[in-house]
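Just below is one structure, and these are the notes that go with it.
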Amino acid sequence: MDTNTKRTDVATLASKVGIVFQDPESQFFNMTVEDEVAFGPESLGIEPRIIEERVGWALEVVGMAQFRRRSPFQLSGGQKQRIAIASILAMQPKVLVLDEPTSGLDPMGKAEVFRVVDELKRNNEMTIIMVEQEAERIAEFSDRIVILEDGVVVLEGTPRQVFSQIEIMQRIGLAIPQVSELASRLNHGWGTAYNFIDLEEAYLALIADSGLPVKSELSGE
């Protein structure tokens, strides 16, 4: 997005950038899901017919179309976060910012949110910026990672580049994917040069080096 945020008024930025907060309930103030999702486009002055189309589309994207008549306050944590995402999607921003969207959610709720993020990443021309500490998930979904310490960028690159910097990550106190830590320990102990970022990659590399046949649910055989 070719916009200087310091010189652009809030109204213009709001039409281009959507933010989903850590606590979805802090964004809710309507009595039904569909009213909540419709509020953003309404505030932009979009005509009712298009708003209706956007509400239906956004709820379908997050898998919540069947809940449009429900109160958002009566949903589970994961469902609330998906409605919060839908309310921003209905405004069709160029950039979607997610501020620790899985914080405080149970494993099922986290899986729901990451499924939606994965769908958006695959099927929409949208920049997604996510503040998150779930290392395994970040390694799986991200194209680029930026690590901050006291507001300063200390690491930047692909998941493979960033998660290979084990010592820096540990100094900062951030979580590391377990397979990346395994690669580091093997490299230090055996003199190998592994750089894993997911379980299947680690499995296939270790099996290949051991000379054993590949036969596992991970490989699909």
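Positions are given from 1, in the same order as the sequence printed here. For clarity, every value in this text was computed on a predicted model and none was experimentally measured. Values below: every heavy atom of this structure, side chains too, minus hydrogens, waters and symmetry copies.
- Hydrophobic clustering, defined by side-chain heavy atoms of Ile, Leu, Val, Met, Phe, Trp and Tyr closer than 4.5 Å, groups Phe29 together with Phe39.
- Salt-bridge check for Lys121 with Glu140: failed, with every basic side-chain N at 4.0 Å or more from each acidic carboxylate O.
- Ser184 contributes atom OG, which lies 10.0 Å from atom CG of Asn195 (distance to the nearest 0.5 angstrom).
- Within a 6.0 Å sphere centred on CD of Glu25, other residues, nucleotides and ligands contribute more than 12 heavy atoms.
- Gln22 is linked by a side-chain hydrogen bond (donor to acceptor under 3.5 Å, both in side chains) to Ser103, counting only residues two or more places apart in sequence or in another chain.
- Residues Met126 and Leu89 have side chains in contact (heavy-atom distance under 4.5 Å, counting atoms from C-beta outward).
- Within 6.0 Å of CD on Gln178 lie no more than 12 heavy atoms contributed by other residues, nucleotides or ligands.
- Summarising the local packing, CZ of Arg115 is surrounded by more than 12 heavy atoms from other residues, nucleotides or ligands at distances under 6.0 Å.
- For the side chain to side chain contact (heavy atoms under 4.5 Å, CB included) criterion with Gln81, the lone passing option out of Leu98, Val113, Val116 is Val113.
- Although no hydrogens or angles enter the test, the distance criterion places no donor-acceptor pair under 3.5 Å between the side chain of Arg70 and the main chain of Leu75.
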message = For Val37 and Met64: C-alpha separation, side-chain torsions, deciding distance, then whether side-chain contact (heavy atoms from CB on, under 4.5 Å) applies.
response = CA-CA 11 Å; Val37 178; Met64 293 292 289; over 6 Å; no
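- Note that the CD atom of Gln165 and the CG atom of Leu174 stand 13.0 Å from one another [nearest 0.5 Å].
- Rounding to the nearest 0.5 angstrom, the gap separating the CG atom in Leu206 from the OG1 atom in Thr192 is 8.5 Å.
- In plain terms, the two heavy atoms of Pro72 and Thr32 that are nearest each other are CD-C, 3.7 Å.
- Within a 6.0 Å radius of CZ in Arg185, no more than 12 heavy atoms belonging to other residues, nucleotides or ligands are found.
- Here the shortest heavy-atom pairing between Gln27 and Ser87 reads NE2-OG, 4.3 Å.
- Listed by chain and residue number, Tyr194 satisfy the ring-ring contact (aromatic ring centres under 6.0 Å, His included) test with Phe196 (two or more places apart in sequence, or in another chain).
- Taking the side chain as every heavy atom from C-beta outward, Lys16 and Pro93 never approach each other to under 4.5 Å.
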message = For a side-chain contact (heavy atoms from CB on, under 4.5 Å) check, start with the C-alpha distance between Val179 and Glu201, then their side-chain angles and the critical distance, and finish with the verdict.
response = CA-CA 9 Å; Val179 291; Glu201 178 186 35; over 6 Å; no
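- Shown here for Gln79 and Glu112, the closest heavy-atom pair between the two residues is N-OE1, 3.5 Å.
- Taking Phe114 as the reference, Phe141 meet the ring-ring contact (aromatic ring centres under 6.0 Å, His included) condition, with sequence neighbours excluded.
- Salt bridge status for Glu132 with Arg137: absent, with no side-chain N to carboxylate O gap under 4.0 Å.
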query = Which is it for Val153 and Leu148 under the side-chain contact (heavy atoms from CB on, under 4.5 Å) test, yes or no, and what are the steps along the way?
reply = CA-CA 5 Å; Val153 175; Leu148 300 176; 3.5 Å; yes
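- Follow the hydrophobic side-chain contacts under 4.5 Å out from Ile19 and you reach Val95 in the same cluster.
- Contact detail for Pro159 and Ser142: the closest heavy-atom pair is CG-O, 3.3 Å.
- The local environment of CE in Met31 is sparse, with at most 12 non-hydrogen atoms from other residues, nucleotides or ligands closer than 6.0 Å.
- Hydrophobic clustering (side-chain heavy atoms under 4.5 Å, transitive across Ile, Leu, Val, Met, Phe, Trp, Tyr) keeps Ile88 apart from Val17.
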message = For a side-chain contact (heavy atoms from CB on, under 4.5 Å) check, start with the C-alpha distance between Glu181 and Gln170, then their side-chain angles and the critical distance, and finish with the verdict.
response = CA-CA 10 Å; Glu181 189 169 359; Gln170 289 175 332; 4.2 Å; yes
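- Listed by chain and number, the residues in a side chain to side chain contact (heavy atoms under 4.5 Å, CB included) with Arg122 are Asp118 (sequence neighbours excluded).
- Remark: Glu34 CD to Ile51 CD1 distance equals 12.0 Å, nearest 0.5 Å.
- Residues Val131 and Pro101 share a closest heavy-atom pair of O-CD, 3.8 Å.
- Between Leu120 and Leu96, the shortest heavy-atom distance links the atoms CD1-CD2, 3.8 Å.
- In the hydrophobic clustering of ILVMFWY residues, with side-chain heavy atoms under 4.5 Å counting as a link, Leu182 and Ile166 come out apart.
- Taking CD1 from Ile46 and CD from Glu53, the interatomic distance works out to 11.0 Å, rounded to the nearest 0.5 Å.
- With rounding to the nearest 0.5 angstrom, the CD atom of Glu36 is 9.5 Å from the OG atom of Ser71.
- In the hydrophobic clustering of ILVMFWY residues, with side-chain heavy atoms under 4.5 Å counting as a link, Val146 and Ile138 come out apart.
- Linking ILVMFWY residues whenever their side-chain heavy atoms come closer than 4.5 Å, directly or via other members, leaves Met169 and Ile197 in distinct clusters.
- Clustering of Ile, Leu, Val, Met, Phe, Trp and Tyr by side-chain heavy atoms under 4.5 Å joins Met108 with none of the others.
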